[in-house]
Amino acid sequence: MATMIIEGERTKAASGKTYEVRNPATSEVVDEVPAGGPADVDKAAKAAAKAFVTWSKLPSNKRAEILHKAALHMLQKVEEIAIILTKEQGKTILESRIEAQRFGENIAWFADLADKIHGSHVALPDTTTYGLVVRKPIGVCGAIVPWNFPLTLAANKVAPAIAAGNTVVLKPASTTPLSTLACIEALIEGGLPEGVVNVVLGQATGEAIVEHPLIRKIALTGSTPTGRRVMAKAAEHLKKITLELGGSDPCIVLHDADIEAAAKAISIGRFFNCGQACLAVKRLYVQEGIYDALMEKLVARAAKLKPGNGLEKDSRMGPMHTETQRAEVEAQVKDAIQRGARFVYGGSRPEGDSYDKGWFIEPAILENVPDGARMWTEEVFGPALPVRKIKDLDEGLRLANDSPFGLGSSIWTASMPAAYRAVQELEAGYTWVNALQIAHDELPFGGTKQSGFGKEHGVEAFLQYTEEKSVVYGGVG
């Protein structure tokens with residue numbers, strides 16, 4: 001049975017309760033894990049506070065050295081961690097390898113920043129004094145991570161936090177704890193001190209993390225409704241907070257675009273991880289002159305995405321993670337069809353004995369989806385794509401911005417003026433121009449509107465795990 005990681009202990013829940021983690025492709029039990037609660041979070045928060053005293057005072061270059069060694073050790077275990085991830089989450093083994101690799105790379109990327117915390121010197125009116133602005137770590141940070149990219153999204157929070165000298169209480173999603181435990185265990189085996197990252201499991205631990213008085217910052221990736229609840233709870237304790245929430249990313253394709261490259265990027269951007277991504281192409285607006293040609297290429301690509309058990313080499317798309325999530329996507333698609341939309345491709349579940357016990361679904365592409373349909377107004381968290389013809393860029397930008405969400409966006413065009421307008425006018429935290437939707441460590445990532453606030457990735461994320469402190473030195477003149 002798996003255990004939680006709290007300081008030097010590999011522990012069960014204080015209550016003794018457990019639950020089962022099941023494979024979304026087969027419904028088989030992968031492992032039994034502790035169902036933790038407030039008592040376990042309290043223990044983890046105290047362990048993190050204890051570790052903070054030592055970790056935060058380490059020379060920053062020493063912290064960087066420890067993190068690089070730990071990341072290197074973890075990267076040697078990518079293959080075994082990828083298998084665990086596929087079993088508990090459902091994604092293909094190729095997608096799991098990419099994600100496990102990214103976890104280690106993210107730790108290493110922020111390790112490079114650990115000894116590069118810079119302050120500033122400030123001249124003051126009284127010449128017998130001068131001012132400094134210094135940056136210090138915040139303290140114990142809470143990280144709450146969802147099930148769709150459990151390793152990537154954990155690293156987004158853990159890596160900048162510990163590089164800046166903080167310690168962490170990490171809660172993976174209840175359905176995907178095992179690969180996260182394996183990653184953190186590998187970091188500890190590689191030299192990360194016990195207590196710097198503590199892992200608690202179970203649904204009841206999330207609220208306890210938000211409310212615990214020793215935890216001074218909360219970083220959450222989740223749905224917009226969850227973000228609102230966490231923000232309200234965190235406000236009661238005046239905690240710092242970073243929210244990376246839902247998205248309904250628009251993609252605009254103009255008549256002068258490279259449609260082969262666009263089709264490839266849109267297919268990956270919509271169907272990767274069975275469409276279960278916050279940052280993903282979810283609304284497609286195509287200029288009339290190239291509509292038919294682009295649709296033909298998209299359908300051809302969707303047809304190659306053979307659903308199947310993620311551990312099977314010929315599977316190109318794993319199952320959806322839960323029965324509930326599949327039902328939600330199917331309801332959104334049904335709503336569009338009932339309003340007059342039609343399937344260009346897909347629209348059903350794959351048939352056969354190998355699919356009977358899993359939450360499989362075919363990729364779907366729909367056109368003539370009318371205004372007001374749920375596929376336009378809500379986040380579609382699965383492999384279904386609504387497509388609409390547009391006359392020009394003006395219409396594309398208007399429709400793209402007609403959403404409560406503002407996470408990502410993209411445009412495909414050979415026109416520099418059109419691209420410039422899109423960059424300036426699209427209401428999103430990220431815009432890709434003629435590029436695949438990949439979030440880079442080097443660039444800050446975060447949303448606007450109902451997609452949250454605060455940044456992950458980039459120097460900006462690193463700095464958000466520090467506090468600025470003003471200092472006045474007197475008696476110098």
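Because the structure is a prediction, the values reported are computed rather than measured.
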Distance only, no hydrogens: is a donor on one side chain within 3.5 Å (strictly under) of an acceptor on the other, for T3 and T11? no

M317 versus P363: any side-chain heavy-atom pair under 4.5 Å? yes

side-chain contact (heavy atoms from CB on, under 4.5 Å) partners for Q332, two or more places apart: E328, V329, R374, M375, E378, V380

Taking the six-membered ring for Trp, are F381 and W147 closer than 6.0 Å centroid to centroid? yes

By side-chain contact (heavy atoms from CB on, under 4.5 Å), which residues pair with E442, not counting sequence neighbours? W109, H440

By side-chain hydrogen bond (donor to acceptor under 3.5 Å, both in side chains) - contacts of Q203 (at least two apart): none

According to salt bridge (charged side-chain N to carboxylate O under 4.0 Å, His left out), does anything in residues 221-232 pair up with another residue at least two apart or in another chain? List the pairs. none

Residue pairs involving residues 88-98 (criterion salt bridge (charged side-chain N to carboxylate O under 4.0 Å, His left out); sequence neighbours excluded): E79-R97, K91-E99

Does a salt bridge link K43 with E9, judged by any charged N lying under 4.0 Å from a carboxylate O? yes

Go through the structure and list residues passing side-chain hydrogen bond (donor to acceptor under 3.5 Å, both in side chains) with S15, not counting sequence neighbours. none

Applying side-chain contact (heavy atoms from CB on, under 4.5 Å) to V53 and not counting sequence neighbours gives K57

Between Q464 and T242, is a side-chain contact (heavy atoms from CB on, under 4.5 Å) present by the stated rule, with each step listed? CA-CA 9 Å; Q464 287 182 11; T242 296; 3.8 Å; yes

Could R10 and E194 be called an ion pair, given the rule that one side-chain N must be under 4.0 Å from one carboxylate O? yes

Can you name the residues that form a side-chain hydrogen bond (donor to acceptor under 3.5 Å, both in side chains) with T224, not counting sequence neighbours? none

Do N198 and I5 have side chains that get closer than 4.5 Å, going by heavy atoms? no

Sorted by chain and number, sequence neighbours left out, side-chain hydrogen bond (donor to acceptor under 3.5 Å, both in side chains) with Q76 holds for none

Residues 103-117 vs salt bridge (charged side-chain N to carboxylate O under 4.0 Å, His left out), sequence neighbours excluded, gives R102-E105

Under 3.5 Å, side chain of H121 to main-chain N/O of L132, donor-acceptor pair present? no

Heavy-atom check, side chain of L151 versus side chain of I81, under 4.5 Å: yes

All side-chain contact (heavy atoms from CB on, under 4.5 Å) counterparts of K334, not counting sequence neighbours: Q338

Using the salt bridge (charged side-chain N to carboxylate O under 4.0 Å, His left out) criterion, which residues pair with K357? Sequence neighbours excluded. none

